[in-house]
Amino acid sequence: MSDPHIQRQLALAAPLSESDPIETAEWRDSLASLLAASGPRRVREIMDALAAIARTPEIGWRPVLGTPYVNTIAASHQPPFPGDLGTEERLASLMRWNALAMVVRANKAYGELGGHIASYASAADLFEVGFNHFFRGGDRGDLIFYQPHSAPGVYARAFLEGRLQEEDLAHYRQEITARQQGVKGLSSYPHPWLMPDFWQFPTGSMGIGPISSIYQARFMRYLQHRGLLDTSARRVWGVFGDGEMDEPESMSALTLAAREKLDNLIWVVNCNLQRLDGPVRGNGRIIDELEALFAGAGWRVIKLVWGSDWDGLFARDSEGALTRAFAKTVDGQFQTFAAKDGRYNREHFFGQDPALAALAQGLTDEQIDRLKRGGHDLVKIHAAYHAAVETTGQPTVILAQTKKGYGMGEAGQGRMTTHQQKKLERDDLIAFRDRFDLPLTDEQAASLSFYRPAEDSPEMRYLHARRASLGGVTPTRRSEAPPVPVPPLARYGEFALQADGKEMSTTMAFVRMLTTLLKDQPLGPRVVPIVADEARTFGMANLFKQVGIYSFNGQAYEPEDIGSVLSYREATDGQILEEGISEAGALSSWTSAATSYSVHGQAMLPFYIYYSMFGFQRVGDLIWAAADQRSRGFLLGATAGRTTLGGEGLQHQDGTSLVQASAVPNCRAYDPCFAGEFAVILDHGMRQMMERQEDVFYYVTLMNENYAQPSLAKGVEGDLIKGLYRYATHSPEKAGDKCKVRLLGSGTILREVIAAAELLASEWGVAAEVWSATSFSELARDAREVERFNRLNPREEARASHVQLCLHGDAPVIAATDYVRAWPQLIASYVDAPFTALGTDGFGRSDTRAALRSFFEVDRHHVVLAALTALRAQGHFDASVCADAIARYGLSAQAPASWRA
Ligand SMILES: Cc1ncc(C[n+]2csc(CCOP(=O)(O)OP(=O)(O)O)c2C)c(N)n1
């Protein structure tokens, strides 16, 4: 007969309230006997066999995804704790103290700095077990995503490790002042941009960390399967908040992680049951909800709900009173229990029923108060992490129940307002000192002294030894990788430079260049083409066969088009990342490849091509995070502009990406009209990122409109990269150029501008220079810097910006683009001459390109009218000339402005 303990557990798991309790008991007993005789593996086999029958349509059984509100790993299955518990607890207490002192000090000095105590208070033990036993450091170490509001805890650890000094901690959230004083400023959240040798991954915006961690884990498999790098020893860990799980990005790639069997990925969800305003699921249980969700998505779920001191209570609970009580308790109530003392918990939790009260009888109020939740128990946490790293074939999530503001006592633990708590009074600080038994005098506690034990103390020796055994400290970030040589432009771009009037779209030109680059050695293998189900749209189907689509398990089917040269080929070593309809996923993949130089010491060159409207507008925050982590690569906004995608209408036509791109400091944004211009930008960008290793990335627009591509004039490359070069000058047959305009155009609208210049010369006797404005944002960046230099260096010789050098004089400037006017207006204040911007402000709509350009008033005729109007203001013409132009071109003053209906 089986062990009575197991018998009882099974009895509790399956209460006998059904129609035939005796029969149920017989089945249950047989299972218990099987368990005793043959062990759990055999029980699982039998259950699988029975489940297969039970799931047939006749029976229609569906397993319940949830399990009782108890730990997944039974106490009897815990591995022995391999560390020195006492030392680790003391270390954890020191981390808590220094983190708290850092935040409270900063806010005492400057109330405006902000900061958080309660999140790390809840996560400290989850972090510490990772640091002492699991998180591998060094160049080939683990990739760790830290819950952002717990950053002070990570700084506190780096302080004990000797990587940060007191002065650094004293400059938490004061990066500017710190630098002026020659110390490190500690950024509010993990920011590689601000702390480039420390943080690897920015997590401050909720949801970005979770999705990024999945795609980083997936990208490691990609590198492995393509034979580029052995990543098999590295894991990705992510510690996230339970509130954060509500973000769509957090959830959107769960099935991908399971489908691709990412057992190199472990998430720890810090379920302190609270978010900023209040409980995450006041009227439910977030752990149960997440359990069902993750299990349904195919993850291994490990619930880490209760600490070791509950083990004895469970063992004595012969009636299952605890499990029953938990099943009735919602998170809002658990939060109240966390906020209240032992006496309250005795009365209101254990007092609910006589069996529970009996369990609590041997406990003092103090002991009840100290009953730990699973996420605060180093031994239980270790058991959960241990099980996670042993898991094969699927990712693991650990749902760790904690208390928000753990240990902050009256001042914060479980309080509704605890998230933003950043000030503690003298008594609270002394109580905290007592609670965690910190070696501080009253005065040291009250004055928020940082505490680092002596280097030869057992704690410090232990801390260093643990990190040494795990490969070194973490987090650390490296900035460089061996450069990758870029082939000469002529080798892949000659056809575009010398296009000689051939018709093609810039998208076609890009695909042709990419196809050649993929064959280059050594650059080709580093290229990562990424699409979100639009490869055919952009004419990239040829690449399916040429380089294959990455698939972790190859191709298990015969593709319908197997005989075709464009056959849909999936392969384990496939090079294209085909992300399906997930721009967030594709962008996360792009970021993984774009940060590979830093994360893996192996530079990769990603090209993510997408409908431009679904880029900055759709996943702008992911792009911002990519910028923060110093990504290097190309984003290609295809079918760009409000009018090039004629028929698609309002939701597809992009008139704003370039403006958004211009606000990202390390993004180089270009809107080339011609294939040759694109080729020069590509060459420049690749050299800057792959050879010179500068932390910039490129956003370049591509168009699907076929037109005659001119050869690129010699010598314009430098100006083209600066954002403006003179393309042509059209002079009237007779008369001098007293009446002159400068026309600037970018993207497809440059062609309208060229046509307008011809009209101005031939029909209105106006000389017109045509300038190709490849990048208004680059021009503005340069002009801003020059303006600032001149302002701050009054005794130096004044400098001139590229805009000023190109556009000096007072001939009017007309700038027309396929984007909102704000894009060309970026340079307006740096131009001395009258400046008119034409653009596509308003909602897009469907029609032919010509109709749209007329509607938005960016076509050649409107450019001519704008030029004549500017000249009229200078006294070159009178009103009748403008009226003539309006009549000649059939322009309507009555047409509704495009931003109205
Ligand atoms: C995208 C985004 N939205 C909102 C915030 C503001 N915010 C910061 S923390 C937080 C609550 C976090 O709750 P949870 O994830 O449960 O973590 P906890 O701090 O409770 O451990 C909110 C709303 C943010 N940082 N990012």
Side-chain angles (χ1 to χ4, degrees), residues 96 99-100 103 113-128 130 145-154 173 187-191 199 201-213 238-252 267-282 284-290 293-294 304 331-332 334-335 338-339 373-376 381 397-408 412-422 584 587-588 618-628:
R96 289 175 189 287
L100 173 145
V103 177
L113 291 178
H116 306 85
I117 304 170
S119 301
Y120 179 66
S122 66
D125 301 299
L126 298 172
F127 279 22
E128 280 303 297
F145 289 74
Y146 297 96
Q147 203 185 358
H149 299 74
S150 295
V154 182
R173 290 189 173 222
S187 58
S188 51
Y189 305 117
H191 287 305
W199 295 116
F201 307 109
T203 51
S205 174
M206 308 266 100
I208 303 278
I211 190 169
S212 305
S213 71
V239 185
F240 306 118
D242 46 358
E244 183 172 11
M245 290 298 111
D246 281 342
E247 289 286 1
E249 289 87 352
S250 302
M251 294 289 115
S252 66
W267 278 13
V268 180
V269 182
N270 173 14
C271 296
N272 57 30
L273 315 184
Q274 290 179 245
R275 41 179 164 70
L276 194 154
D277 283 344
V280 178
R281 293 289 182 274
R285 275 188 303 277
I286 186 66
I287 291 185
D288 287 354
E289 188 177 321
L290 293 178
L293 187 76
F294 279 89
L304 169 58
D331 284 353
F334 275 126
Q335 182 192 329
R373 293 187 178 173
H376 297 304
I381 298 169
V397 62
I398 294 163
L399 303 174
Q401 189 183 216
T402 59
K403 289 180 181 172
K404 192 148 181 172
Y406 183 63
M408 288 167 70
Q413 179 173 292
R415 299 274 160 196
M416 226 30 120
T417 52
T418 194
H419 185 86
Q420 284 154 317
Q421 173 90 22
K422 43 194 139 284
L587 210 285
S588 301
R618 178 73 182 229
V619 288
D621 198 22
L622 280 161
I623 296 177
W624 188 251
D628 186 343

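In listed order, ligands and their atoms are each counted from 1.
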Using heavy atoms and a strict 4.0 Å limit, residues surrounding ligand 1 turn out to be Ser119, Gln147, His149, Gly204, Ser205, Met206, Gly241, Asp242, Gly243, Glu244, Glu247, Asn270, Asn272, Gln274, Arg275, Leu276, Lys404, His419
Would you mind writing out the side-chain donor-acceptor pairs for residues 239-248 within the sub-3.5 Å range, not counting sequence neighbours?
from   : atom 1 : to     : atom 2 : distance (Å)
Asp242 : OD2    : Asn272 : N      : 3.3
Asp242 : OD2    : Leu273 : N      : 2.7
Glu244 : OE1    : Gly241 : N      : 3.4
Glu244 : OE2    : Gly207 : N      : 2.9
Asp246 : OD1    : Arg281 : NH2    : 2.7
Asp246 : OD2    : Arg281 : NH1    : 3.3

Has Arg373 got its NZ or CZ under 6.0 Å from the middle of the six-membered ring of Tyr406, at an angle within 45 degrees of the ring axis?
no
Candidate pair Trp267 and Phe294, rule ring-ring contact (aromatic ring centres under 6.0 Å, His included), full reasoning
CA-CA 11 Å; Trp267 278 13; Phe294 279 89; 5.8 Å; yes
Sorted by chain and residue number, the salt bridge (Lys or Arg N to Asp or Glu O under 4.0 Å) partners of Arg96 (sequence neighbours excluded) come out as Asp125
With a 4.5 Å cut-off on side-chain heavy atoms, are Pro279 and Met416 touching?
yes
Partners passing side-chain contact (heavy atoms from CB on, under 4.5 Å) against Ala626 (at least two apart in sequence or in another chain):
Trp590, Thr591, Ser631
